Protein chains: 2
Amino acid sequence: MGRGGIRRGAGRPKGQGKYNEPTKPIRIPESMISDVMKYLSIKGYKLPLYASTVQAGFPSPADDYIEQQLDLNQHLIKHPTATFFVRAAGNSMVGAGIHSGDILIVDRSLNPKSGKIVIAAIDGQLTVKRLSKTSKGLYLKAENDQYQAIKINDASDVVIWGVVTSVIHKV
Amino acid sequence: MGRGGIRRGAGRPKGQGKYNEPTKPIRIPESMISDVMKYLSIKGYKLPLYASTVQAGFPSPADDYIEQQLDLNQHLIKHPTATFFVRAAGNSMVGAGIHSGDILIVDRSLNPKSGKIVIAAIDGQLTVKRLSKTSKGLYLKAENDQYQAIKINDASDVVIWGVVTSVIHKV
DNA sequence: TATTTAGAATAATGTACATTATTCAAAAAA
DNA sequence: TTTTTTGAATAATGTACATTATTCTAAATA
């Protein structure tokens, strides 16, 4: 028979689920379900960034010295729809830390101001150069003495594709 | 009255939805709903990677010259749970393309073999050096003549934190 | 005949609900 | 009294279903 009566405080406690917080069902295209699951499982690729002055206990980096949690995509790509990557070739920009084979992150929505490193198409060939505005005009300069600066004028077949924001170098 | 009868072929056509493919409701923790939505809206941060030899029509990069679609996180981080970032300080590794202020991607799950660039804690201070095994023993070498190699032995207070896989350099 | 209209058909979408999991405590049993 | 049992309470979770959107065509109309 009944063992009834109120059970104040009973019930499954909050925050016991997979994510320790309430969830909502969101429709996900089938082809991306596994990607989204992965994304969720590692909390959106947010990984710890340590300052180089860490003096933590070993062997595991201690949480106390985490500078911030970083998601590479969010950190490096401010305008996803206007951003693309280019693989660098040649050594004309080693002075700017750009080596052959590096992946350059290029933002088309940024204004190509003087001093910025840009991706330019010169006669249909992609190159990475530093934009330089002087009293003599607008130039594309290599960061390497062996290369000559290229003057930009109305006659020249030069199109700026975008501004380089970061360089990814595999070691 | 009835205008009945079968309507073969009637109905909303497939692939008319937001994603042009079938969807399934997946539960998402509330704090990540906006992140996931963003992730979906740009198809998982997969952006085009162009080869440097592109000779496309202007001013927009043509799809024909896309080398591949790249997601930085997936491309650079193979072991999310074992990976962290460290901000580099000092110029001891400029020869390897590592400059002060760069963000290093470090994988703790990789074996620190000779020749690899590693993050090591020496007397509690983090440094980035190249691991070098010679007949004389194991060394941590800077890629810069002004720094001296550090010999690793049982007595030395050196712990390898992980192997550097990539360098991110802001320009 | 040509045009319009009112369902019929079917995909997309968000959410209510049934189910499952978990914890609590009153009542029963020891 | 102490221990065990059993239903109450409530969160987590996946999915069925009601709703909405869209297109098609037979019948009605001009």
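Just so we're clear, the structure is a prediction, and the values are computed from it rather than from any experiment. Naming convention: chains lettered A, B, ... in sequence-line order (proteins, then strands); numbering from 1 in each chain.
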Protein-to-nucleotide contact annotation, 5' to 3' order, nucleotides 13-18 of chain D [B base; S sugar-phosphate only; - none; under 4.0 Å, heavy atom]: BBBB--

Once ring pair (Phe, Tyr, Trp, His ring centres under 6.0 Å) is applied, what residue pairs with a partner in residues 117-158 of chain B remain, sequence neighbours excluded? none

Sequence neighbours excluded, every pair satisfying ring pair (Phe, Tyr, Trp, His ring centres under 6.0 Å) that has a member inside residues 115-137 of chain B: none

Side chain to side chain contact (heavy atoms under 4.5 Å, CB included) involving [X] - partner list, sequence neighbours excluded:
X: B:K18; value: none
X: B:P25; value: A:P25, A:R27
X: B:P112; value: B:V118, B:L131, B:I160, B:V163
X: B:Y19; value: A:P29, B:E21, B:T23, B:L40

Within residues 36-44 of chain A, those residues having any heavy atom closer than 4.0 Å to DNA chain C are none

Answer yes if the side chains of A:N144 and A:N91 hold a donor-acceptor pair under 3.5 Å, and no otherwise. no

DNA chain D: 5'-proximal contact among A:A10 and B:G11 (nearest heavy atom): A:A10

What is the distance, to the nearest angstrom, from the CG atom on B:N20 to the P atom on C:dA12? 9 Å

Mind calculating the distance between CZ (B:R8) and P (D:dA26) to the nearest angstrom? 10 Å

Bend angle of the helix from C:dT1-D:dA30 to C:dA30-D:dT1, end axes from five pairs each (to 10°): 40°

Contacts under 3.5 angstrom, residues 96-107 of chain B side chains, donor-acceptor by atom type, not counting sequence neighbours:
unit_1, atom_1, unit_2, atom_2, d
B:S100, OG, B:G90, N, 3.3
B:D102, OD1, B:H169, ND1, 2.7
B:D102, OD2, B:H99, N, 2.8
B:D107, OD1, B:S109, N, 2.8
B:D107, OD1, B:S109, OG, 2.6
B:D107, OD2, B:H79, ND1, 2.6

Here the salt bridge (Lys or Arg N to Asp or Glu O under 4.0 Å) pairs for residues 127-146 of chain A, sequence neighbours left out, are A:R130-A:E143

Could I get the full list of ring pair (Phe, Tyr, Trp, His ring centres under 6.0 Å) partners for B:Y39, not counting sequence neighbours? A:Y39

